[in-house]
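Inspection log for the structure reproduced underneath, given as structure tokens.
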Amino acid sequence: MICSAPGKVIISGEHSVVYGKHALVTAVNLRCYSEVRKSTRVRISSELGETGLDFEVHPYVSWAVKLFEEKCGKTVTPDIRIRSEIPVASGLGSSAAVTVSTLAALGLEYGFKLSREEIFELAREVELKVQGRASGVDSFVSTFGGAWLMPEKEEFKFSAKMLVINSGESSVTSEMVARVAELRELYPGVVERIFEAMDSVTLEIKKALERGDNKALHFLFGANQCMLKAIGVSTFRIDGIIAELEKLGIPAKITGAGGGGSILGLIPESLRKPEKAESVDGKIERLGKCTVVTPEFEGVRQETGNGR
Ligand code: MEV
């Protein structure tokens with residue numbers, strides 16, 4: 001059985017969402033495919049390597065198998081093959097997408113079909129097992145697709161083209177979440193106020209997106225990025241790339257846990273005109289590997305055929 005689930009970008013609210021603040025997040029048109037076949041021993045193969053149940057190399061898939069076993073009350077020994085269009089450790093939700101697609105495929109292969117709500121709940125548990133702390137936002141958006149204001153789970157209309165630039169530095173979400181938690185313990189008054197300001201910025205970004213206000217988005221993305229820097233999740237390289245994007249008129253900030261990973265730029269309407277885009281394209285490509293992504297409305301799904 002093959003199932004797939006989309007990656008995501010956090011438009012605003014990473015880290016503060018772990019502490020109950022708002023986040024704006026959308027699924028994107030990059031998917032992870034999990035193929036699950038009944039077998040006699042567990043085998044997991046992906047671009048990370050080939051292992052059995054292995055909580056170091058394949059923590060998300062291994063926990064997905066374990067929690068699926070607990071849920072359905074039987075031992076399973078699947079052969080799981082992962083193919084993903086979502087770069088690993090890049091802030092684009094590859095971990096949630098692999099968890100969600102694997103849980104859905106396990107359910108179908110072993111005749112214990114899980115509802116979307118159950119897939120989301122199990123994927124969130126997997127995130128908590130691996131990361132220690134997690135908002136569940138990645139799992140939610142990967143399961144249901146679409147663009148959402150969280151934690152309300154309020155769907156919002158969003159159609160912008162987004163530019164994702166890989167900083168070339170990989171990052172581990174659990175480490176970044178732990179780093180922010182440590183800072184919050186050391187300076188609760190300071191960090192809590194930053195989270196509150198992030199919360200306001202997120203709500204203002206939603207309004208600015210709805211009215212297509214690029215000037216406001218510049219200010220709000222800039223403010224958001226300053227706060228992400230303040231809580232220690234930016235890097236010199238990321239700061240440099242964002243400064244270059246701003247010079248080109250593209251509001252930009254970290255997306256995801258930071259410490260490396262990806263930078264999100266909103267492509268303004270004015271740059272979508274071919275003559276403008278051409279002059280800007282070359283300059284952007286020099287900054288790092290870049291991908292243009294669009295919102296994806298379909299969440300987890302069963303693939304017909306071989307899904308490849
Ligand atoms: C990671 O994509 C987003 C974080 O806010 C963690 C989480 O929400 O669980 C950094």
Side-chain angles (χ1 to χ4, degrees), residues 5-28 30 32 59-60 63-64 84 86-100 120-145 147-153 162 164-167 169-184 191-192 194-199 201-203 205 224-225 227-235 238 253-264 293 295-296 299:
K8 63 93 191 45
V9 296
I10 296 187
I11 301 162
S12 182
E14 43 278 274
H15 289 292
S16 52
V17 70
V18 176
Y19 300 91
K21 305 293 188 266
H22 286 99
L24 278 180
V25 55
T26 180
V28 293
L30 300 173
C32 174
Y60 290 92
W63 274 111
S84 188
I86 313 162
V88 174
S90 65
L92 298 182
S94 66
S95 307
V98 77
T99 308
V100 165
F120 161 57
E121 289 299 341
L122 280 176
R124 178 166 158 60
E125 255 185 80
V126 170
E127 260 190 297
L128 283 170
K129 294 275 184 208
V130 180
Q131 283 174 218
R133 276 189 177 85
S135 66
V137 159
D138 292 17
S139 300
F140 180 83
V141 78
S142 186
T143 305
F144 293 98
W148 300 85
L149 175 70
M150 302 295 280
E152 283 85 347
K153 299 182 183 166
M162 295 163 283
V164 172
I165 301 196
N166 194 315
S167 67
E169 301 165 316
S170 69
S171 82
V172 180
T173 300
S174 56
E175 284 171 16
M176 301 317 295
V177 170
R179 187 188 293 184
V180 173
E182 204 177 298
L183 211 59
R184 184 169 172 265
V191 174
E192 201 46 49
I194 293 176
F195 286 164
E196 274 159 23
M198 282 177 161
D199 190 61
V201 162
T202 299
L203 294 173
I205 286 180
N224 197 330
Q225 174 60 24
M227 291 186 276
L228 288 165
K229 189 171 155 71
I231 59 168
V233 301
S234 196
T235 66
I238 290 175
K253 60 175 275 293
I254 287 167
T255 184
S262 297
I263 293 139
L264 169 69
V293 296
E296 164 71 47

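All figures in this text were calculated on a predicted structure; none of them were measured in a lab. Start at 1 and go down the list; that is how both ligands and their atoms are numbered.
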*Check against side chain to side chain donor-acceptor pair (under 3.5 Å), Q225 and S234*: CA-CA 8 Å; Q225 174 60 24; S234 196; 3.1 Å; yes
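- When side chains are defined from C-beta on, K8 does not count as touching V28, because their heavy atoms never get closer than 4.5 Å.
- One finds the CD atom of E14 at 10.0 Å from the CG atom of L24 (value rounded to the nearest 0.5 Å).
- Here CZ of R133 is found 14.5 Å from OG1 of T173. Values are rounded to the nearest 0.5 Å.
- In this structure, the side chains of I263 and S167 come closer than 4.5 Å at one or more pairs of heavy atoms.
- Taking CG of N224 as the start and CD1 of I254 as the end, the distance is 9.0 Å to the nearest 0.5 Å.
- If you look at ligand 1, the protein residues with a non-hydrogen atom under 4.0 Å away are K8, I10, E14, H15, V17, V18, Q131, A134, S135, D138, V177, G256, A257.
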